Amino acid sequence: QHTLEGNRDHTAVIHICLSIYLDRYFQTLYSSLTVVVLVHLSSDVDVIDCSVPQYNNRLDTPLPDVPFVRNLSAEQKKLKEKEKGSWTQLTKEEKLALYRLTHELSYAEMRQGSKEWMTVLGGIFIFLGFTGLLVWWQRVYVYGDVPHTLSEESVAQQTQRMIDMRVNPVHGFSHKWDYEKKQWK
Amino acid sequence: MAHPTQLGFQDAASPVMEELLHFHDHALMIVLLISTLVLYIITAMVSTKLTNKYILDSQEIEIVWTILPAVILVLIALPSLRILYLMDEINDPHLTIKAMGHQWYWSYEYTDYENLGFDSYMVPTQDLAPGQFRLLETDHRMVVPMESPVRVLVSAEDVLHSWAVPSLGVKMDAVPGRLNQAAFIASRPGVFYGQCSEICGANHSFMPIVVEAVPLEHFENWSSLMLEDA
């Protein structure tokens, strides 16, 4: 809050300077700049931009820049006064309440995650299944017959010919055929 | 030829292809090592609960991961350049064959001694004999003597084609109006298949190359027979 007071004076000075030094050719720029400047003059409005310190829930920032609850009620203010004394006087509920004043989520709450992944995975499977149906329909109703060389008899003849031709005899195909016993190794 | 579901290269039928196989093993091993390391680092980064927001310089690791990749690249480059120059060596071919690409067949000319020339069309699927390979067989094969250096002059009569035989480690673009030279030695007898490797129109996938390496006497008999038929 101390910083914001300083900002308010600062922005008031800038406002005055702009009104003196900018001429009418930059009037559109001036007016939009004025809007931003005027907004900063009233600290009650919540402006979410990175020039203003913000609260965040992050595992690696245990103490965010600003407390979560900025405008304290009377009861909360009393609690804050009590906090200035010895902490052994605070009850467990008061300590938790103080925590929730400065923080929105606890570490456990930040880490827990959601059940969204089940929805996503389910959606993926549904689409995959639907695609599978489309592909199957296509195979049955659109594609023609496969060439005759893919019949079992033809494949057997081709395999026999590959063995006879000694195709890839070093490490590959014919290497795996035992020529003496006439069977695969 | 390749067998169904084959993943790796075909067995080498020429010394250059053997070198290429070994180089591929070497480069692939390096690639797999680096990929495993990166994958491990990624999983370690993603699954850790530790954070550090205030890290700044790290001169030592920056030096390491600049010098080390340079060293690895040199280790890949040296064998690669060795094979590149090996392929370009001055050789003394026993035979020169001209392979001319047409739409959509190859023609071979053996003009060292006599004028032997023939076309090599793919055997259509419905005309295949039992045991023949679909889309790979041709009516006439390019017969070469085995264990002899052979020079192939590759060119084209119409559009770009490419003469490729993977087992021999040969691929050479057939450019109209240009002669490209490729050389190989068939280290073992056999039949080696390849396919046109430059898009050339509707039947680009249907103009295969078949090289048959045979002992010299068989080659001489074959060429005499072909000359008689012509």
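A note on names: the letters A, B, ... follow the listed sequences, proteins ahead of strands, and every chain is numbered from 1. The structure presented is a predicted model; accordingly, all values stated were derived computationally and were not measured.
- Within a 6.0 Å sphere centred on CE of B:Met29, other residues, nucleotides and ligands contribute 12 heavy atoms or fewer.
- No more than 12 heavy atoms of other residues, nucleotides or ligands shown are found within 6.0 angstrom of CD on A:Glu153.
- Contact between A:Gln157 and B:Pro130 at its shortest, heavy atoms only, is OE1-CB, 3.3 Å.
- Ranked by heavy-atom pairs under 4.5 Å with chain B, the first of A:Arg161, A:His175, A:Met165, A:His171 is A:Arg161.
- Few gaps surround CD on B:Gln126; more than 12 heavy atoms of other groups in view lie less than 6.0 Å from it.
- For CG of B:Asn52, the number of neighbouring non-hydrogen atoms (other residues, nucleotides, ligands) closer than 6.0 Å is greater than 12.
- With a 4.5 angstrom heavy-atom cutoff, B:Gln132 touches chain A via backbone and side-chain atoms both.
- Interatomic distance, B:Phe9 CZ to A:Asn168 CG, rounded to the nearest 0.5 Å: 12.5 Å.
- Interface remark: B:Phe192 contributes no atoms to any contact with chain A (heavy atom separation under 4.5 Å).
- One finds the CZ atom of A:Phe173 at 8.0 Å from the CE atom of B:Met1 (value rounded to the nearest 0.5 Å).
- When the candidates B:His3, B:Arg188, B:Lys53 are compared by the number of heavy-atom contacts under 4.5 Å with chain A, B:Lys53 comes out ahead.
- Within 6.0 Å of atom CH2 in A:Trp184, more than 12 heavy atoms from other residues, nucleotides or ligands are found, so the atom counts as buried in its surroundings.
- Contact of A:His148 with chain B is made through the side chain alone, with heavy-atom distances under 4.5 Å.
- Of the two parts of A:Val170, the backbone and the side chain both hold a non-hydrogen atom closer than 4.5 Å to a non-hydrogen atom of chain B.
- Distance check: A:Ser174 OG to B:Asp11 CG gives 8.5 Å after rounding to the nearest 0.5 Å.
- For chain A, the nearby part of B:Thr51 is the side chain; its heavy atoms alone come within less than 4.5 Å.
- For a residue to count as touching a neighbouring chain, one of its non-hydrogen atoms must lie under 4.5 Å from one of that chain's; by this rule B:Ala2 touches chain A with the backbone only.
- Within a 6.0 Å radius of NZ in B:Lys171, other residues, nucleotides and ligands contribute 12 heavy atoms or fewer.
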